[in-house]
Amino acid sequence: MAKAMVENIVVVGGVVLLMLLLILILLACKPWRFFFSRTRTIKAQVDDIERPLVSEDLNFLQNQSNQFSGNYHFEGSCHSTEGHHNTPQLTQSDSLVLDVIPGPSEDIFTGQTLKCSLVTQHAVEEQKYESDILREFIPKGNAGSTLTLEVLSGPSRGLRCSVQSTNATRLPLTLGRVAPSDLILKDSEISGKHVMINWNLNILKWEIVDMGSLNGTLLNSKAIHHTDSGSRHWGHPTELANGDIITLGTSTKVFVQITSQTECINPFGVGLASDPMARRRGAKKLPMEDVCYYHWPLPGADQFGIFGICDGHGGAGAATSASKILPEMVASILSDSFRRERVLSQCDASDVLRDAFLQTEACMNHYYEGCTATVLLVWADGHENFFAQCANVGDSACVINMNGKQIKMTEDHRITSYSERLRIQEVGEPLRDGETRLCGLNLGRMLGDKFLKQQEPRFSSDPYISQVVCIHQASRGFALLASDGFWDVVNFNKAIQLVQQSRERYAADRENPAEKIANFLLSCARTQRTKDNTSIIFLDFDSINRNPCKFDP
């Protein structure tokens with residue numbers, strides 16, 4: 001009996017000693033810390049993060065939070081706001097850790113959640129991509145160019161901004177809804193950081209890039225933002241040209257003016273307006289294939305300026321190419337002092353315009369796309385006299401009104417045109433009665449369409465060249481260039497009347513009345529329910545600055 005009791009005591013003592021040993025081991029190793037650490041890690045896994053995100057613009061989040069996709073890449077969204085957010089970190093387990101430390105005054109709105117799905121490799125690639133873009137936007141030297149932006153429409157209409165390419169402290173230039181953007185546009189459709197503009201010394205051009213905006217960016221009605229608009233990916237840098245129109249969101253349009261720091265002021269009032277008129281096709285997709293542009297003065301030819309419209313078919317590629325190549329060809333020809341002096345002495349630029357069209361056609365490699373091209377060349381003779389001459393292929397037209405006299409500067413090259421049918425008859429088989437198309441096209445002349453021209457020799461890129469018009473100093477003259485979307489619903493006589501009416505309406509307006517007249521004409525085409533892309537350039541000779549600069553003829 002006594003022996004059994006002793007054995008029980010020994011067993012109990014052993015158990016107690018074992019329990020004490022286990023307790024000591026637990027106290028020493030603290031295994032619970034692994035449990036709590038894993039709990040925090042699990043809560044911080046990227047795919048499981050679903051908590052309110054405090055932003056500088058809570059109204060913006062309320063409107064947009066439900067539109068973000070799971071692969072949303074953001075910049076500057078998860079930043080420290082009054083000490084409440086720590087900087088996002090990437091751990092070795094590819095998780096995004098967001099530690100939200102509530103403060104006494106923190107106000108978190110339910111439902112404003114942002115699901116982030118971000119893999120380390122993806123983040124590194126995106127950061128590298130954006131770094132490459134930023135590297136391209138670093139100012140690299142002195143090029144002597146001035147960029148001026150003017151907001152034409154939207155809540156910030158009338159706002160202007162100007163920057164020189166040599167001013168590195170102000171570059172790059174950012175446009176957005178909130179600070180620290182350089183040009184702040186109070187429009188709810190514009191992102192906090194929407195676009196960036198800078199000078200690229202490698203090509204001596206200004207460039208624009210979309211910074212991952214939510215509502216996208218259009219340049220002359222063509223999208224330049226990333227195709228996945230909800231991804232916050234940056235777009236690719238796109239070259240800016242004088243006369244371009246930047247559209248941010250749907251209502252804010254910004255006009256681009258680019259001048260050399262040594263060049264002259266444009267001597268005329270110039271207004272540009274364009275609209276794809278997509279709604280006129282029952283909301284069906286109608287891509288913008290018009291491109292309008294102007295350059296004053298031309299590089300190497302300070303006395304000359306060029307104004308033009310290209311209307312593409314089969315796509316916008318040919319129109320875009322022609323709008324860049326054609327002015328370059330004209331400038332290259334006029335940079336030759338002999339050719340330039342001959343134009344000034346003979347008061348005729350026919351050879352220059354014809355050669356420029358010929359060289360442009362040779363440089364274009366568009367086999368299944370083509371475009372119209374209407375170019376108005378204007379020059380000064382150094383004695384306060386200005387002259388204008390036009391060249392065109394296709395059905396975009398130009399008319400000049402001088403002291404009440406209407407002067408048609410272009411020729412219609414539609415197959416239905418009598419003069420074009422005569423030309424086709426002279427070069428080949430005549431068109432049958434009632435035949436209105438040639439190989440499916442209603443135009444007999446165009447730039448591009450190389451495949452059709454190889455199959456059908458009756459097509460031509462030979463331009464019609466107008467007579468020279470002298471722009472008198474005391475004239476009440478103007479020039480109007482427009483694509484066929486305008487002329488389909490407004491004839492020349494009606495257009496002249498509309499210009500005269502709008503001139504009276506905006507006579508007292510000092511803020512570029514030419515721009516208002518162009519937009520008025522565009523609205524008239526819209527009212528007349530045009531069904532085609534419409535672009536307009538209006539030149540107001542009545543506001544001529546007779547001494548814009550000093551020439552050395």
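Scope of the values below: all heavy atoms of this structure, side chains included, with no hydrogens, waters or symmetry mates.
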Checklist entry - Going by distance alone, is a donor N or O of one side chain under 3.5 Å from an acceptor N or O of the other, for His225 and Ser213? => result no

Item to check | CZ on Arg437 to CG on Leu443, rounded to 0.5 Å | outcome: 8.5 Å

Checklist entry - Can you list the steps and then say if Cys371 with Met446 is a side chain to side chain contact (heavy atoms under 4.5 Å, CB included)? => result CA-CA 6 Å; Cys371 68; Met446 76 291 285; over 6 Å; no

Checklist entry - Is there a side chain to side chain contact (heavy atoms under 4.5 Å, CB included) between Asp182 and Cys161 once you walk through the steps? => result CA-CA 9 Å; Asp182 300 293; Cys161 177; 5.8 Å; no

Item to check | Asp275/Arg526 ion pair, N-O < 4.0 Å | outcome: yes

Checklist entry - Does some side-chain heavy atom of Asp540 sit less than 4.5 Å from a side-chain heavy atom of Arg503? => result yes

Next on the checklist: For Leu438 and Leu431: C-alpha separation, side-chain torsions, deciding distance, then whether side chain to side chain contact (heavy atoms under 4.5 Å, CB included) applies.
Outcome noted: CA-CA 9 Å; Leu438 189 61; Leu431 293 166; 4.1 Å; yes

Checklist entry - Less than 4.5 Å apart, any side-chain heavy atom of Thr217 and any of Thr247? => result no

Checklist entry - Just by modelled atom types, is the Ala301 backbone N or O under 3.5 Å from a matching donor or acceptor in the Ser335 side chain? => result no

Item to check | Step-by-step salt bridge (charged side-chain N to carboxylate O under 4.0 Å, His left out) determination, Arg423 to Glu420 | outcome: CA-CA 5 Å; Arg423 183 196 67 82; Glu420 190 61 15; 2.7 Å; yes

Item to check | Spacing of CG belonging to Asp351 relative to CG belonging to Leu358, to within rounding of 0.5 Å | outcome: 12.0 Å

Checklist entry - Quick one: are Arg339 and Asp355 in side-chain contact, heavy atoms under 4.5 Å? => result yes

Checklist outcome for this item: His295 and Pro327 have their tightest heavy-atom pair at CD2-CB, 3.7 Å

Next on the checklist: Quick one about Trp199 and Ser145 (side-chain donor to acceptor, distance below 3.5 Å, no hydrogens or angles considered), yes or no?
Outcome noted: no

Checklist entry - Name the one of Phe478, Phe386, Phe268 that satisfies ring pair (Phe, Tyr, Trp, His ring centres under 6.0 Å) with Phe541? => result Phe268

Checklist entry - Counting N and O atoms only, with roles assigned by atom type, does the side chain of Arg170 sit under 3.5 Å from a partner on the main chain of Val163, one being a donor and the other an acceptor? => result no

Item to check | CG-CZ distance between Leu481 and Phe307, expressed to the nearest 0.5 angstrom | outcome: 9.0 Å

Next on the checklist: Looking at Thr238 and His236, would you say the former's side chain and the latter's main chain have a donor-acceptor pair under 3.5 Å?
Outcome noted: yes

Next on the checklist: Evaluate Arg414 against Asp488 for salt bridge (charged side-chain N to carboxylate O under 4.0 Å, His left out), listing each step before the verdict.
Outcome noted: CA-CA 12 Å; Arg414 280 182 260 205; Asp488 285 345; 3.4 Å; yes

Next on the checklist: Would the distance check show the side chain of Ser332 and the main-chain N or O of Met329 forming a donor-acceptor pair, the cut-off being under 3.5 Å?
Outcome noted: no

Item to check | Side-chain donor or acceptor of Lys450 paired with backbone N/O of Asn365 under 3.5 Å | outcome: no

Item to check | Gln389 versus Asp348, side-chain donor and acceptor atoms under 3.5 Å | outcome: yes

Checklist entry - Minimum heavy-atom separation for Glu189 to Ser251, with atom names? => result OE1-N, 3.8 Å

Checklist outcome for this item: All heavy atoms of Ala525 vs all of Thr534, minimum pair found to be CB-CG2, 4.3 Å

Checklist entry - Which heavy-atom pair separates Val378 from Trp296 by the least distance, and what is that distance? => result O-CZ3, 3.5 Å

Item to check | Check: Ser535 main-chain N/O paired with Ser483 side-chain donor or acceptor under 3.5 Å | outcome: yes

Checklist entry - Going through the distances and angles, do Asp210 and His194 end up as a side chain to side chain contact (heavy atoms under 4.5 Å, CB included)? => result CA-CA 6 Å; Asp210 182 275; His194 201 104; 4.1 Å; yes

Checklist entry - Are the side chains of Leu248 and Ile246 in touch, meaning some heavy atoms are under 4.5 Å apart? => result yes

Checklist entry - So, Glu207 versus Asn200: side-chain donor-acceptor pair below 3.5 Å or not? => result yes

Item to check | Interatomic spacing from CD in Gln425 to CZ in Arg458 - rounded to 0.5 Å | outcome: 10.5 Å

Checklist entry - When rounded to the nearest 0.5 angstrom, what is the spacing between CD1 in Ile309 and OG1 in Thr374? => result 7.0 Å

Checklist entry - Ignoring hydrogens and geometry, is there a side-chain-to-backbone donor-acceptor pair from Arg177 to Lys186 under 3.5 Å? => result no

Checklist entry - Hey, are Thr372 and Ser396 close enough side-chain-wise for a donor-acceptor pair under 3.5 Å? => result yes

Next on the checklist: Please tell me whether Asn392 and Thr410 have a donor and an acceptor in their side chains that are separated by less than 3.5 angstrom.
Outcome noted: no

Checklist entry - How many angstroms lie between CG in Asp244 and CG in Asn220, if you round to the nearest 0.5 Å? => result 4.0 Å

Next on the checklist: Please check this pair: side chain of Ser345 against backbone of Glu341, looking for a donor-acceptor N/O pair closer than 3.5 Å.
Outcome noted: yes

Next on the checklist: Do Val195 and Val209 have side chains that approach each other closer than 4.5 Å (heavy atoms only, starting at C-beta)?
Outcome noted: no

Next on the checklist: Using side-chain heavy atoms (C-beta onward) and a distance below 4.5 Å, is Leu447 in contact with Ser461?
Outcome noted: yes

Item to check | Sidechain-backbone polar pair: Ser502 side chain, Ile517 backbone, donor-acceptor under 3.5 Å | outcome: no

Checklist entry - Just wondering, do Tyr293 and Asn242 contact through their side chains at under 4.5 Å, heavy atoms? => result no

Next on the checklist: Does any part of the side chain of Leu152, heavy atoms only, come nearer than 4.5 Å to the side chain of Val254, both counted from C-beta?
Outcome noted: no

